[in-house]
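Encoded as structure tokens, the structure appears first; notes follow it.
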Amino acid sequence: MTGSTEQTDVVDALGDALAAAVRRTGAQSGGVYLLDQAEGVLGLVSLCGAPVDAFAPWWRTTYAAHGPAQDAIRGERLVWVSSLEELARCYPRAAANIPYQLAFAVVPFRDVRHCRGALLLMWAPGRSPRLSRRERGHIAYSVRRLARVLNTAPGPPVIPDRPRFVHLHHTQPGPQSPHAAAGLVERLPLGTLALDVGGRVAYVNTAAGALLGRPPAHLLGSRPGDALPWLDTIAYMDAYRTALTSREPVALTVLRPPDQWLDLRFHTDDSGTSILITPDRSSRPAGTPPPASTVGMPESRIHLLMTMAAALTETIGVQDVVDLVAEQILPAFGAHGMIMYTADGARMHIIGHRGYDPAVVELIDGLPVDTELTPAGRVLATGTSSFFASRAELTRVYPRAPQISDKEAWAFLPLLSSGRPLGGLLLAYNHPRLFTAAERSILTPLAGLVAQALDRARLYDAKHGLAHALQQTLLPQALPSVTGLEVAARYLPAGHGMNIGGDFYDLIRLTDTTAAAVIGDVQGHDMTAAALMGQVRMAVHSHATAGASPDQVLVRTDRDLADLNAGRFASCLYAHLDLAEHRLTLASAGHPPPLLRRPHDRARVVDVRPGPPLGIEVVAPAYPLTTLTLEPGAVLALYTDGLVESPGTDMARTTAGLARRLGAAGDLPLHQLLDRLLAHARRRRDRHTDDIALLLLQPTPLAQARAGPGTVSRPDA
């Protein structure tokens, strides 16, 4: 019991120090976080000036995460964030979870030995973007007071399951009669609900009780979400938090079951929150929800941010980001036009647009960043968003800008990643539009998430360009002409990722009547795999042209791979073709078996006994030889496992299916036969994660000499 009392005393003392800090600094609200090293979390112990339930998403936060409080404690320094724009710039993920207009400081405090937690102080928007010397002095004093509480405590305080709410002890009301005020409110035809700073109902008039369906006496002293379960929603709490932080009016339309829609309007100041309640008078059938414009952005702002954040993580290239913004963000905000641009040196470069005439886009593309024609450049320079509700409003600042297009309202959003300006996002509307605090507070962090995705996408595109160039140089530019042999090949990169891998193929002319066909797959889908693939291909080529037999080609290449100490293995199928004797000799290093279709016969999977893959360090590896007849008109298909592998499907079954497609294709030219065999793979490209290489060979009578090189097709550059 004594321990519990001591814990309560410590938490009370921390709360008193917190309330004093809020009063001294002129902050709107504040909180005390303690660090639990064992669990790796920061827990909120006390909260002042804001309802505890409104702060519920941030009662506990992971210490290992990247955020203002974590940085303050780890670096033992004050972290100051002056606006939502700065939060989105420095901590985009935190801004996605806290899309509210406010300024805040996080200051660590310590006991004798360790940093133990942090003091959080929050101010309403519109204050100075810098902390004054006096404010810093008050903060330093408050932190020392918190540290003294911990230093004199008999033991480390336990983080409570629910933070303690601390009153600010506001001054008493003025001389106006409370009875007169209550009478005035009772006579009003609209519902009025007053919440104290702790979020509990302090006053409710008769009209509000009737609209909410509860007697006033049942509402007093309760939290609205507790007394009215249908009001315990993300939309209501988000609207309430927006009013608390922005100090601007916030509107929300809610459904009181079964079919009564109510309009709520929040007004907040330091003494609490007033909510005006009226029936929604929209002319529509009973029970039909109001349009999105009536419901307002608070309806699902957090949900929308989380949805967009998840969608942005799935984007790969720059075009993916542009398409996502156009297809999801534009309709979500009711915008009619979009321009996304990057800062290319001292000029703007447009990377995507929707809803704009190409002539307008051409006019803006390439403008200097410091142009005075449009706010687009200034947004980059300042890192802050600009909103213009009408043409007249934009004309006052940029007289020539409205003449560029027929749009009527604009939101200019900076795209900043890790503090660096990447570009900007312009959302435009065909009609004048007032941007509410709720809309501005979601658009700003959303732009930060778009910027992060764009930064990753630009890096991916750059790497992809390099990878593609490397792959192009490692694969044959053209297959050699071999008398008596038709050949065609194709390479398809994986459906996702770097579009580069270790699949390779080759055709090697040995003598006038012999040749070698090779196909293989180096482990991995990265630059290292591609580079190693080139080395394996060259090793096979050199041993083959030196006259080695098929099994010895693989043995020597395995030794070369071991000497490289690459730490990766490779599968390989080597086929020696004697066109004069119509003989085929095969050796396999763990590679899928080839397919063979004889003239006027069905195709079958060739029974090849494979040896071990190359590079797995087997002592004296052996690669058994398989010899077959390969008469003119037969088709030999060599392929990599990407063509026959499918999650959850037996590979022997899919290989047999490929053989059936080869047998049913008839006597098509080889390039058309390639298309037929790859058609199934193309249908599953959305879930295909492996490269595909396919090499087709068809002997012809030696009298039919080839006129040119074999057919090779690879992805376009």
Side-chain angles (χ1 to χ4, degrees), residues 475 487-495 501-507 516-525 529 532-533 536-537 540 550-551 553-554 557-558 561 568-577 584-597 602-616 618 621-628 630 634-663 665 673-674 676-682 684 688-697:
L475 290 173
V487 60
R490 185 153 315 163
Y491 168 82
L492 295 180
D503 288 18
F504 68 94
Y505 59 84
D506 204 354
L507 180 67
V518 187
I519 197 159
D521 185 0
V522 175
Q523 178 191 16
H525 298 89
L532 190 60
M533 172 266 282
V536 171
R537 178 173 165 248
V540 170
D551 56 335
V553 168
L554 296 182
T557 303
D558 176 71
L561 199 54
R568 302 198 185 197
F569 64 84
S571 68
C572 184
L573 179 68
Y574 184 94
H576 183 273
L577 298 94
L584 170 66
T585 305
L586 299 166
S588 173
H591 198 81
L595 307 179
L596 178 62
R597 189 190 73 190
R602 294 182 299 175
R604 65 182 181 88
V605 180
V606 179
D607 185 13
V608 177
R609 188 156 65 94
L614 307 175
I616 62 171
V618 174
Y623 298 99
L625 297 178
T626 301
T627 302
L628 302 169
L630 187 66
V635 175
L636 179 69
L638 312 183
Y639 55 92
T640 54
D641 56 9
L643 186 60
V644 291
E645 271 190 339
S646 184
T649 305
D650 180 44
M651 191 166 166
R653 181 179 175 183
T654 55
T655 304
L658 180 65
R660 286 194 297 272
R661 288 194 293 276
L662 175 61
L673 186 55
L674 279 172
R676 181 72 61 89
L677 296 179
L678 291 170
H680 180 70
R682 286 196 179 92
R684 57 187 176 92
H688 186 62
T689 58
D690 201 0
D691 308 309
I692 294 173
L694 178 59
L695 178 62
L696 300 181
L697 305 112

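Keep in mind that this is a model prediction, so the values were computed, not measured.
Heavy atoms only, all atoms of each residue included: V536 and F504 are closest at CG1-CZ, 3.8 Å. In terms of heavy atoms, R676 sits closest to A665 at NH1-CA, 3.9 Å. A pairwise comparison of heavy atoms in A659 and V605 identifies CB-CG2, 4.4 Å as the closest pair. Scanning all heavy atoms of the two residues, the minimum distance from A589 to L554 falls at N-CD1, 3.9 Å. When all heavy atoms of D558 and I616 are compared, the pair lying nearest together is OD1-N, 4.3 Å. Contact between V608 and S588 at its shortest, heavy atoms only, is CG1-CB, 3.8 Å.
Among L697, L694, V518, the single residue meeting the side chain to side chain contact (heavy atoms under 4.5 Å, CB included) criterion with L638 is L697. Here the options are D641, D521, L643, V644, the test is side chain to side chain contact (heavy atoms under 4.5 Å, CB included), and the partner is I692; only L643 passes.
Y491 places a side-chain heavy atom less than 4.5 Å from the side chain of D503. Side-chain contact between V487 and L695: present, with at least one pair of heavy atoms (C-beta onward) separated by less than 4.5 Å. No side-chain heavy atom of F569 sits under 4.5 Å from any side-chain heavy atom of P612. By the 4.5 Å heavy-atom criterion applied to side chains, R568 and L532 are counted as neighbours. In this structure, the side chains of C572 and Y623 stay at 4.5 Å or more apart for every pair of heavy atoms. Contact of the L658 side chain with the L677 side chain is registered, since non-hydrogen atoms from C-beta on lie closer than 4.5 Å. In this structure, D506 and V540 have side chains that are not in contact, with every pair of non-hydrogen atoms separated by 4.5 Å or more. A 4.5 Å side-chain heavy-atom check between R597 and R602 finds every atom pair outside the cut-off.
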Checking L596 against V635 for the side-chain contact (heavy atoms from CB on, under 4.5 Å) test, could you report, in this order, the C-alpha distance in whole Å, the side-chain angles of both residues, the deciding distance, and whether it holds? CA-CA 6 Å; L596 178 62; V635 175; over 6 Å; no
What verdict does the side-chain contact (heavy atoms from CB on, under 4.5 Å) test give for T655 and L595, after you've listed the backbone C-alpha separation in whole Å, the side-chain angles of each residue and the deciding distance to 0.1 Å? CA-CA 9 Å; T655 304; L595 307 179; 4.1 Å; yes
Test side-chain contact (heavy atoms from CB on, under 4.5 Å) on L636 and L696; report intermediate values, then the result. CA-CA 6 Å; L636 179 69; L696 300 181; over 6 Å; no
The test is side-chain contact (heavy atoms from CB on, under 4.5 Å); show your working for L662 and L673 and say whether it passes. CA-CA 8 Å; L662 175 61; L673 186 55; 3.8 Å; yes
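In this structure, Y505 contributes its side chain and R490 its backbone to no donor-acceptor pair below 3.5 Å. Between the T640 side chain and the A693 main chain, a donor and an acceptor come within less than 3.5 Å of each other.
Rounded to the nearest 0.5 Å, atoms CG (L628) and CG (L584) are 5.5 Å apart. Taken to the nearest 0.5 Å, the CG atom of L678 stands 13.0 Å off from the OH atom of Y639. For the atom pair OG1 (T626) and CZ (R609), the distance works out to 8.0 Å, reported to the nearest 0.5 Å.
Side-chain N/O atoms of S571 and H591 include a donor and acceptor closer than 3.5 Å.
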